[in-house]
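As structure tokens, the structure follows; a few thoughts come after it.
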Amino acid sequence: MGYSGLRVIYEALTGHKGWKPAWRDPAPQSEYDIVIVGGGGHGLATAYYLAREFGQARIAVLEKGWIGGGNVGRNTTIIRSNYLLDGNEPFYELSLRLWEGLEQELNFNAMVSQRGILNLVHTDAQRDAARRRGNAMILNGSDAELLDQDGVRALYPFLNFDDARFPIKGGLLHRRGGTVRHDGVAWGYARAADRRGVDIIQNCEVTGFRIENGRVRGVETSRGYIGAGKVGVAVAGSSSRVMQKAGLRLPIESHVLQAFVSEGLKPLIPGVITFGAGHFYCSQSDKGGLVFGGDIDMYNSYAQRGNLPVIEDVLEGGMALIPALGRVRLLRAWGGIMDMSMDGSPFIDRTGIEGLYFNGGWCYGGFKATPASGFCFAHLMATDRPHAVAGAYRLDRFRSGHMIDEKGQGAQPNLH
Amino acid sequence: MIIHHPLLGPRDAQEFVYLGDASLIDRPDWQAEDAAGAFHDYLYLRDNPAGLHRELWFHEQGDRSWLVVTRDTTTHEITSVELARDVARARGRSR
Amino acid sequence: MTVQINRVDGGRVDRGQRIGFTFDGVRYEGHPGDTLASALMANGVRLLGRSFKYHRPRGVLAFGSEEPNALVELRRGGRQEPNTRATVAELFDGLEARSQNRFPTLRHDLLSVNDLFSRFLTAGFYYKTFMWPRAFWERVYEPMIRRAAGLGSVSLEDDPDAYDKGFLHCDLLVIGAGPAGLMAALTAARAGVRVILADEDFEPGGRLLAETHVIGDQPGADWAGQVLDELAALDNVRLMPRSTVIGAFDHGVYGAVERVADHLPAPASGTPRQIFWRIYAQRAVLCAGATERPIAFANNDRPGVMLGGAVRAYANRMAAVPDRRVAVFTNNDDGHRTAADLIAKGIEVPCVIDTRADAPAVAGTDLFAGAQVIGTRGRLGLRAMTLRLADGSTRQIDCGALAVSGGWNPNVQLTCHQRGRPQWDDAIAAFVPGDTLPAGLRVAGAAAGRMSTHGALESGAGAARAALADLGHATVAPDLPRAEDAPVRLQPFWHVRGARGRAWLDFQNDVTVKDVTLAHQENYVSVEHLKRYTTLGMATDQGKTSNLGGLAVMAELTGKSIPETGTTIFRPPYTPVSFGALAGRSVGRAFHPVRETPSHTWATEQGAVFTEVGDWLRAQWFARPGETHWRQTVDREVLQTRRSVGVCDVTTLGKIDVQGADAAAFLNRIYANGFAKLPVGRVRYGLMLREDGIAYDDGTAARLAEDHFVVTTTTANAVLVFRRMEFARQCLWPDLDVQLVSTTESWAQFAVAGPKSRALLEKIVDDVDLSNDAFPFMACAEVTVCGGCRARLFRISFSGELAYEIAVPTRYGDAMIRALMQAGEEFDVVPYGTEALGVMRIEKGHAAGNELNGTTTALNLGLGRMVSKKKDCIGNTLSERDGLNAPDALRLVGLKPLDPGDPVAAGAHLMAEAGPVDAGHDQGYVTSAAYSPVLQTPIGLAYLKDGAARMGEVMRLVNPLEGTEVRVTVVSPHFVDPDGGRQRA
């Protein structure tokens with residue numbers, strides 16, 4: 001029986017005895033057609049779409065810890081389709097469209113909330129860049145509006161308009177952008193994939209790949225060897241570590257990005273705001289906490305925690321933008337490990353090893369990509385052809401000079 | 001974090017700017033065969049280890065030394081700090 | 001005015017003084033030494049708030065910062081402070097507190113209706129519903145949920161108080177000033193090392209202030225006072241009360257918030273409200289004590305149900321009790337202390353309910369051994385409870401408060417901040433610090449699981465001695481005073497089974513045992529899933545009183561032990577920290593430093609409008625009386641410069657002094673074009689690539705001597721280029737004889753542009769022949785000006801006119817601009833700002849930041865031939881990749897609208913004259929646009945696919961963002977003087 005309001009009422013009246021596990025805990029079988037390494041949002045979505053869209057069966061998702069424990073469970077919940085470059089925007093637009101129907105697709109309320117994202121601009125050059133990007137978004141079928149200062153003030157009257165070091169001159173508003181209950185995404189995909197027969201196997205760490213004659217045969221795991229026709233790796237944050245077991249060196253560095261939440265407050269910030277003159281962006285969760293973040297800590301790290309300079313930098317940006325937050329309190333800070341790629345864009349590609357596929361390099365933008373990443377990775381694994389909107393996400397693009405560099409920072413991952 | 005600068009002693013890492021893997025010192029020969037391939041690997045591929053990592057930091061708000069810091073990426077523990085110039089010379093770079 | 005009906009004898013409040021305060025508009029009195037919680041308790045107020053989800057009545061649960069329930073709003077206006085724990089709010093005269101998350105009043109809260117529907121609102125119910133119809137989530141359901149959710153509110157007025165930051169260094173940081181911390185600090189202080197003792201309370205002493213223990217032959221509090229006196233007298237000790245160490249960061253860096261003025265109506269003039277300290281500690285000892293945990297039983301959340309240790313602390317330290325009749329429910333000996341202390345205060349203790357069948361007797365009250373509390377009554381506060389006795393019979397007992405003790409959890413939070421995992425200790429049935437601690441941190445006292453006073457003193461001294469031994473300091477073992485050393489006698493007991501009704505685990509977020517059961521039933525079994533699905537431990541207390549209870553229930557359900565079930569990691573901060581403290585002084589206009597150009601004062605006098613360029617403020621234009629629109633001003637500045645002469649401060653451009661025998665060889669590798677053969681006395685335009693072959697920065701290099709160049713960079717890249725040049729110098733070619741110094745701020749530099757610029761400069765520059773032959777285009781020289789002032793003169797042009805840049809030491813910059821303007825008066829000189837500068841460079845077709853956007857190559861810029869293939873330089877190898885050299889690669893072009901009345905907008909996209917308008921047909925985009933007063937039309941620079949071959953093509957320039965579409969002609973980007981005759985004149 002599916003989830004619905006009626007079901008909630010029925011169960012409430014009958015003692016909640018009918019709720020079944022959201023996903024099973026099966027023992028791993030000795031062999032699958034397809035093994036997905038990584039039970040995060042992308043891996044679970046991939047498994048779901050493989051089963052749902054591409055008619056694949058005998059699929060397992062292997063997760064070294066608990067599902068959704070990576071970046072899908074430690075991000076700032078933002079979804080958006082506001083990219084500039086041809087290699088990116090159609091992909092993120094597909095993702096946003098998948099978000100827009102996600103609850104009905106999965107029969108799980110992940111609380112997709114299109115509250116609007118406002119990127120503030122503070123200089124003429126930023127406005128020019130916003131105009132270029134906004135036009136690119138519209139030309140790709142997304143939505144954008146260019147606001148002047150009054151337009152921003154109408155939406156967010158409490159921003160610092162009068163005493164700002166870098167005055168707000170306007171902003172690029174993307175109304176279809178918004179937030180999603182991040183854990184719900186992992187659980188929703190897990191439950192939907194499980195209902196289509198996917199085995200989700202937690203506490204099963206992949207320790208190696210069995211590769212024979214240039215073809216992957218299966219994976220060694222902490223729970224024994226598991227044979228596989230195809231293996232897809234979606235372990236952003238740990239990509240280098242895992243792919244190294246297959247002998248691959250990646251154009252990726254691992255960096256820590258901190259995120260923050262305040263104590264709960266009555267509704268204050270309706271949408272998502274990004275400061276254009278400092279490292280600060282913010283939204284407010286349905287529960288009332290301000291969810292915010294800033295820049296990465298800049299140094300390679302696998303430690304899932306950051307340091308004070310960035311915490312202070314983010315709060316300085318926050319106070320510069322919203323001076324009324326002085327007495328609001330930071331409740332919790334945490335860190336996630338990002339696959340920072342060499343041009344700030346991801347990879348969904350085959351590898352040199354037949355049957356081994358790679359999905360990673362999401363930088364700090366993986367969450368919003370979850371549905372399209374799963375869809376396109378499933379497409380690639382099922383058909384051996386890249387999906388049309390993900391064709392640029394090749395691992396060899398640096399060799400050929402086809403970088404997808406939204407920020408124009410070049411081969412320095414921590415600047416993307 | 002605190003970086004023990006070989007010339008200046010302990011300094012807050014906030015005084016520094018981070019670049020990345022110290023292998024960026026090993027810039028390939030532009031005239032070598034397959035220089036394009038060598039430059040690709042040099043610029044774009046990383047070991048990205050979970051563990052000891054030799055990496056470049058620039059003392060921008062200090063004496064402008066580039067340093068090679070050996071740091072564990074899982075614990076952030078720093079085990080050695082050298083002047084990058086010394087490391088570069090030791091790796092055979094000169095003029 | 002009410003009477004303090006629950007005030008008892010003794011305690012540490014100053015009865016000699018009365019302090020007035022209000023709660024929800026009602027006026028009460030308390031004493032110095034009270035917290036808001038203790039004062040309200042003394043006044044008989046038990047109902048302080050409402051829970052998050054069910055809006056159940058909530059009273060004080062705990063004594064300190066672990067409090068989950070008693071959250072209130074303090075103060076008004078810009079100082080309104082939501083979610084403050086009444087238990088840590090020091091009372092001051094005039095304090096105004098309000099309950100929150102209730103409507104219309106605390107006693108009659110409409111949303112308490114949620115409680116009636118609680119069976120529908122179980123853990124995670126929202127994941128299962130609100131999906132139909134689809135549009136209703138954002139329009140109906142979510143707005144409703146958002147309005148109901150949240151705790152306190154923000155006034156939206158700017159916070160009037162200042163915050164500050166500071167840095168402290170010490171050999172030993174002691175966190176917590178209870179018995180362990182005091183002993184650690186004393187041991188270290190006597191050894192002469194630099195000690196910081198930080199404690200979150202306003203009065204140090206920890207549990208010594210809350211207990212009746214004797215140390216040596218004096219009350220514990222007196223001993224604490226004596227130690228504090230000794231510490232205060234030592235120069236090497238810094239005592240920091242009201243200071244919470246909120247996080248342990250890498251390499252011995254700790255963050256601490258000092259609440260300087262939260263106990264005052266307003267900060268004293270010139271002082272901050274709070275200070276955020278970054279403490280650099282060689283070693284640290286965590287002596288943060290322990291937090292008592294509740295026991296879950298049906299309706300255990302009513303106001304009046306409190307932690308036993310808290311009841312004891314209020315009674316002993318604050319001389320306040322929650323009621324005159326207080327029962328005790330415990331699974332360990334500590335509960336018996338509560339009973340004994342209350343009896344000693346003359347409070348009626350009807351009984352002690354002890355879950356242990358073999359519980360020891362308590363003097364002065366009845367003991368129900370092997371009994372459990374199975375229910376409570378009382379709408380807005382506890383009135384009675386029901387017991388199930390060892391024989392299975394039940395009994396009802398009237399009481400206004402129930403002191404619950406489920407054992408104590410060491411405060412291990414800081415040991416987890418670097419992802420250390422605590423480990424289980426069966427002896428105290430709690431997690432204690434694990435093996436992996438933050439480097440340099442030790443743990444002592446109750447935080448380490450040493451629960452007796454003696455254990456605290458001994459481990460505090462021991463930890464300090466060990467820390468100092470690490471640092472090479474000898475210490476003397478202190479004489480440990482005699483103190484109680486009672487063992488922990490406890491029967492692990494987490495929740496009462498077999499009773500009707502909900503049993504709370506997380507009081508703030510309304511997570512009950514049933515919610516954990518449901519999570520288990522639905523396979524949210526991993527402790528992280530449990531936490532996220534039920535919101536257990538996600539409240540403002542980070543689960544200090546709730547995590548372990550939830551974990552224990554889950555462990556029971558899975559049949560595993562608690563440590564097998566897991567533990568959640570605690571994250572910074574230890575207690576919530578105000579945004580203001582973390583931002584410090586970086587607010588308002590002080591958010592970033594301001595860099596002013598040398599002519600700033602002069603420009604201000606001229607009425608210049610300034611614009612932010614990075615941290616610089618630059619004059620954007622100089623409006624004259626009568627000019628009503630900035631375009632008028634800028635057009636005039638452009639035309640006047642092109643007609644006579646204009647002056648612009650260009651100091652912000654980066655300047656790097658390059659010296660050494662190998663300076664030319666070095667620059668030859670830095671720039672894509674050649675510099676080895678640049679003659680002395682000449683300047684060359686230079687293009688720098690990144691190693692990936694993308695254009696990085698452009699500027700000029702002037703050779704002042706064989707071994708001396710002056711390099712300029714763009715304003716935006718001044719720091720970055722210098723950093724990269726140092727990288728090349730130190731890491732790539734360490735033996736080149738070359739030295740670099742950034743001189744951006746050493747020289748004031750002015751562009752003097754226009755046909756009359758030579759004539760003007762001839763009046764300024766001393767004894768130098770500036771004729772075209774003697775000082776041609778791209779010449780440079782070290783000169784003197786104004787009768788001997790050292791200067792540098794460059795004949796370079798950004799505007800395309802005959803032009804120079806003149807540099808003088810920065811301290812003469814102000815004099816220089818005045819001298820230039822005075823000398824130029826006869827030539828009709830005009831100052832121009834960044835806007836006119838931009839117009840002229842667009843007219844001339846020079847690339848700037850908008851064109852050098854980090855994705856474009858020399859080829860795109862039309863400078864492909866500049867990249868030398870004959871030498872090694874940064875970026876040339878990878879610039880040859882196919883993807884950067886496609887036949888239809890973007891090329892920089894100029895655009896003119898067919899109709900000069902049409903706008904050209906930077907950021908608009910180019911489409912063919914006919915055909916679809918979409919991303920698939922995108923031909924390029926405008927990088928920079930301006931109105932050209934010379935051509936009297938809008939113009940633009942654009943990147944266009946294969947643009948060099950498309951001159952004369954008519955295209956559509958689309959800007960759907962702003963709803964415009966105009967027709968433009970593709971032209972050369974060099975709108976003005978394409979042959980460069982003027983700059984060579």
Side-chain angles (χ1 to χ4, degrees), chain A residues 235-245 247-256 295-313 335 337-343 347 360-361 394-403 405 409-416, chain B residues 1-5 10-28 34-62 66-81 84:
Chain A
V235 294
S238 298
S239 291
S240 297
R241 276 200 276 196
V242 172
M243 295 309 281
Q244 188 259 338
K245 298 178 202 300
L248 269 74
R249 231 171 139 231
L250 299 177
I252 285 173
E253 290 180 3
S254 295
H255 286 261
V256 63
D295 207 359
I296 59 176
D297 264 41
M298 300 314 276
Y299 43 80
N300 285 50
S301 177
Y302 284 94
Q304 285 193 328
R305 61 187 176 81
N307 276 296
L308 274 178
V310 165
I311 299 175
E312 295 180 41
D313 180 62
I337 302 306
M338 312 289 118
D339 265 13
M340 296 303 294
S341 75
M342 289 290 157
D343 59 0
F347 307 98
R394 295 168 60 113
L395 275 165
D396 67 356
R397 64 176 181 262
F398 304 111
R399 204 173 283 281
S400 63
H402 291 92
M403 289 76 77
D405 191 347
Q409 293 290 358
Q412 197 181 330
N414 61 355
L415 300 182
H416 288 292
Chain B
M1 295 202 291
I2 293 170
I3 293 173
H4 287 260
H5 190 302
R11 316 294 301 194
D12 194 304
Q14 213 174 349
E15 296 174 8
F16 294 78
V17 171
Y18 180 81
L19 179 62
D21 195 307
S23 65
L24 288 169
I25 290 172
D26 304 322
R27 187 171 180 271
D34 192 28
F39 266 94
H40 166 269
D41 293 358
Y42 160 77
L43 190 63
Y44 290 109
L45 299 186
R46 297 284 188 275
D47 289 338
N48 194 23
L52 286 187
H53 188 231
R54 277 161 68 78
E55 58 198 25
L56 287 157
W57 292 75
F58 180 53
H59 200 197
E60 187 146 278
Q61 293 175 58
W66 278 93
L67 305 179
V68 173
V69 174
T70 305
R71 192 177 55 91
D72 190 314
T73 57
T74 62
T75 64
H76 298 170
E77 185 190 5
I78 293 174
T79 45
S80 94
V81 184

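Because the structure is a prediction, the values reported are computed rather than measured. FYI, side chains are in, hydrogens and waters are out, and symmetry mates aren't considered; it's all heavy atoms of this structure. Letters go in sequence order (proteins before strands), and every chain restarts at 1.
Only the side chain of A:Asn307 comes within less than 4.5 Å of a heavy atom of chain B; its backbone N, CA, C and O stay farther away. In this structure, no portion of A:Met340 lies under 4.5 Å from any heavy atom of chain B. With a 4.5 Å cut-off on non-hydrogen atoms, A:Gln412 touches chain B through its side chain but not through its backbone. With a 4.5 angstrom heavy-atom cutoff, A:Ile252 touches chain B via backbone and side-chain atoms both. Residue B:Leu19 touches chain A through both its backbone and its side chain, counting heavy-atom pairs closer than 4.5 Å. Proximity to chain B (any heavy atom under 4.5 Å) is shown, for A:Arg249, by both the backbone and the side chain.
Annotation for A:Ser254 and A:Gly237: closest pair OG-O, 3.2 Å, computed over non-hydrogen atoms.
Contacts with chain A were tallied for B:Asp72, B:Leu24, B:Asp21, B:Asp47; B:Asp47 has the most, counting heavy-atom pairs under 4.5 Å. Taking chain B as the reference chain and counting heavy-atom pairs below 4.5 Å, the highest number among A:Val256, A:Ile337, A:Asn300 is found for A:Asn300. Among A:Arg399, A:Gln304, A:Met298, the residue making the largest number of heavy-atom pairs under 4.5 Å with chain B is A:Arg399. For the set A:Pro413, A:Ser301, A:Ser341, the count of heavy-atom pairs under 4.5 angstrom toward chain B peaks at A:Ser301.
Aromatic ring orientation, B:His40 versus B:Tyr44: tilted (interplanar angle from 30° to 60°).
Judged purely by atom type and a 3.5 angstrom limit, B:Arg11 has no side-chain atom pairing as donor or acceptor with the backbone of B:Phe16. Although no hydrogens or angles enter the test, the distance criterion places a donor-acceptor pair under 3.5 Å between the side chain of A:Arg397 and the main chain of A:Arg394.
Looking at residues two or more places apart in sequence or on another chain, you find a ring pair (Phe, Tyr, Trp, His ring centres under 6.0 Å) between B:Trp57 and B:Tyr18.
Aromatic pair B:His76/A:Tyr299: centroids less than 6.0 angstrom apart.
In this model, a donor atom of one side chain and an acceptor atom of the other lie less than 3.5 Å apart for B:Asn48 and A:Tyr302.
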